[in-house]
Amino acid sequence: MQTQTPQYEPARLRAVHKRHGAVTALAGLDLALAPGRLLALLGPNGAGKTTAIAILLGLQPPDSGDVHLFGQAPGAPAVRRRIGVMLQSAGIPETLKVRELLDLTRSYYPAPRSVADCVAMAGLDGLLERRYGRLSGGQQRRVQFALAICGRPQLLFLDEPTTGLDIEARQTLWKAIRELVADGCAVLLTTHYLEEAEALADRVAVIDAGRVVAEGSVAEVRARVAQRRIRCLTALPEDVVAGWPQVRSARREGGRLEIVVDLAEPVVRRLLAEDAALTELEVARAGLAEAFIALTRPGREQEAA
């Protein structure tokens, strides 16, 4: 009779607390990552995102609670060979060439990706013989991504991965991330680009003051707030509309007036009454950006649905 190997979640934080002096960084944080899924960890500055990642990587111990990667302690050598990490501060030797960095990092793993695959996935064409310190900030971020994925990780940490990238480079990384997830890799993504979370995430966890304030699919997190977004072509001044009841904000974008409201119907009626020439009217549920703001501002408990 064969003994089956237990299947563990790639990453798990359970009831984790952490203080830095008088500051509470994490207050009973619970997070879990599943294979082949991308979890976007969102929150304002100081919410606890960086501390959560540091604890998952074994860089900081929790004050209390449980932390496991693949059922083991984060710092275990067997665990480290199964993860890839792309943090905001890299500490990469600037005198080495990109090819040398890839060869060195690939040597740490038993079955690394080929250099050609790393180049293709990270968009490093023409950069292999360049010294890392001579690259632009965006090029360095692409190299960091290549180093993070070269070991075929089963768990990948991406901390603000596309900061400083142009649109084309960002799309290249998005494509690579989707391929990794499709191959079964679990990904923890932190990002300030909320459209990035909407485009990539299977699940979103919004944290504030060290606690999860909302978790679910992008649609489920959006549904936590009742706001709607109205778009239209109108001559009405945005500063006037911004002062109407039920209106949270109004601004011009690409010639259209974009209005975020708590209740759409009375605002739509007033728009049509005050501008008979109004056209191209659209009403939709507010996006992840509006939900994120609503869930992390003071008084959110009264405003979230």
Side-chain angles (χ1 to χ4, degrees), residues 8-35 37-76 79-80 82-91 144-145 148 153-163 177 180-181 185-194 196-198 200-218 220-221 224 288 291-293 295-297 300:
Y8 295 103
E9 294 165 315
R12 160 66 78 173
L13 291 175
R14 183 179 286 111
V16 169
H17 289 77
K18 181 68 178 179
R19 293 179 64 86
H20 299 300
V23 178
T24 299
L26 300 179
L29 186 66
D30 289 296
L31 282 178
L33 273 74
R37 295 289 184 267
L38 187 147
L39 173 67
L41 187 61
L42 307 179
N45 291 333
K49 302 186 300 294
T50 300
T51 300
I53 291 175
I55 288 175
L56 280 166
L57 292 175
L59 302 177
Q60 296 181 21
D63 295 335
S64 63
D66 296 321
V67 185
H68 293 103
L69 300 184
F70 303 103
Q72 301 182 59
V79 168
R80 291 183 179 180
R82 300 172 71 178
I83 68 173
V85 181
M86 181 181 178
L87 301 179
Q88 292 187 61
S89 55
Q144 292 162 23
F145 180 75
Q154 295 170 297
L155 172 60
L156 180 62
F157 294 88
L158 298 175
D159 190 12
E160 304 286 346
T162 60
T163 299
I177 292 167
L180 290 164
V181 171
C185 183
V187 179
L188 179 62
L189 168 75
T190 69
T191 179
H192 280 93
Y193 298 117
L194 295 175
E196 188 161 83
E198 287 199 279
L200 296 174
D202 298 287
R203 293 185 66 78
V204 174
V206 181
I207 68 172
D208 193 22
R211 294 184 176 89
V212 174
V213 297
E215 185 173 4
S217 67
V218 170
E220 288 168 342
V221 170
R224 286 287 304 275
L288 187 60
F292 169 78
I293 293 167
L295 290 164
T296 57
R297 66 167 172 251
R300 63 178 181 268

>> As an exercise, state the distance from CG of Leu29 to NE2 of His17, rounded to the nearest 0.5 Å.
In response: 9.5 Å

> Roughly how far apart are Leu38 CG and Ile177 CD1, rounded to 0.5 Å?
Replying inline: 7.0 Å

> Taking atom CD of Glu198 and atom CG of Leu288, what is their separation to the nearest 0.5 Å?
Replying inline: 4.5 Å

> Per the side chain to side chain contact (heavy atoms under 4.5 Å, CB included) rule, which among Leu39, Leu158, Asp202 passes with Val187?
Replying inline: Leu158

> What pairs meet the salt bridge (charged side-chain N to carboxylate O under 4.0 Å, His left out) rule with one or both residues in residues 58-75, with sequence neighbours excluded?
Replying inline: Lys18-Asp63

>> Under a 3.5 Å threshold, yes or no: a donor from one side chain and an acceptor from the other, between Gln60 and Thr51?
In response: no

>> Using side-chain contact (heavy atoms from CB on, under 4.5 Å), reason through Leu87 and Ile53 one step at a time and then give a plain yes or no.
In response: CA-CA 9 Å; Leu87 301 179; Ile53 291 175; 4.1 Å; yes

> Is there a donor-acceptor pair under 3.5 Å between the side chain of Arg80 and the backbone N or O of Ile83?
Replying inline: no

>> When you measure from the side chain of Thr191 to the backbone of Tyr193, do you find a donor-acceptor pair of N or O atoms at a distance under 3.5 Å?
In response: yes

>> Run the side-chain contact (heavy atoms from CB on, under 4.5 Å) test on Lys49 and Ile207 for me, step by step, so that the C-alpha distance in whole Å, both residues' side-chain angles and the decisive distance to 0.1 Å come before the verdict.
In response: CA-CA 8 Å; Lys49 302 186 300 294; Ile207 68 172; 3.8 Å; yes

> Distance-only, no hydrogens or angles: does the Ser217 side chain make a donor-acceptor pair with backbone N or O of Arg203 under 3.5 Å?
Replying inline: no

> Can you tell me how far OG1 of Thr163 sits from NE2 of His192, rounded to the nearest 0.5 angstrom?
Replying inline: 8.5 Å

>> Which heavy atom of Pro35 sits nearest to which heavy atom of Ala186, and what is that distance?
In response: CA-CB, 4.2 Å

> Which atom names give the shortest non-hydrogen contact between Leu155 and Pro10, and what distance separates them?
Replying inline: CD2-O, 3.5 Å

> Between CZ of Arg12 and CG of Leu56, what distance do you get to the nearest 0.5 Å?
Replying inline: 11.0 Å

> Got a second to check how far Leu41's CG is from Glu215's CD, nearest 0.5 Å?
Replying inline: 9.5 Å

>> The criterion is salt bridge (charged side-chain N to carboxylate O under 4.0 Å, His left out); which residues satisfy it with Arg37, sequence neighbours excluded?
In response: none

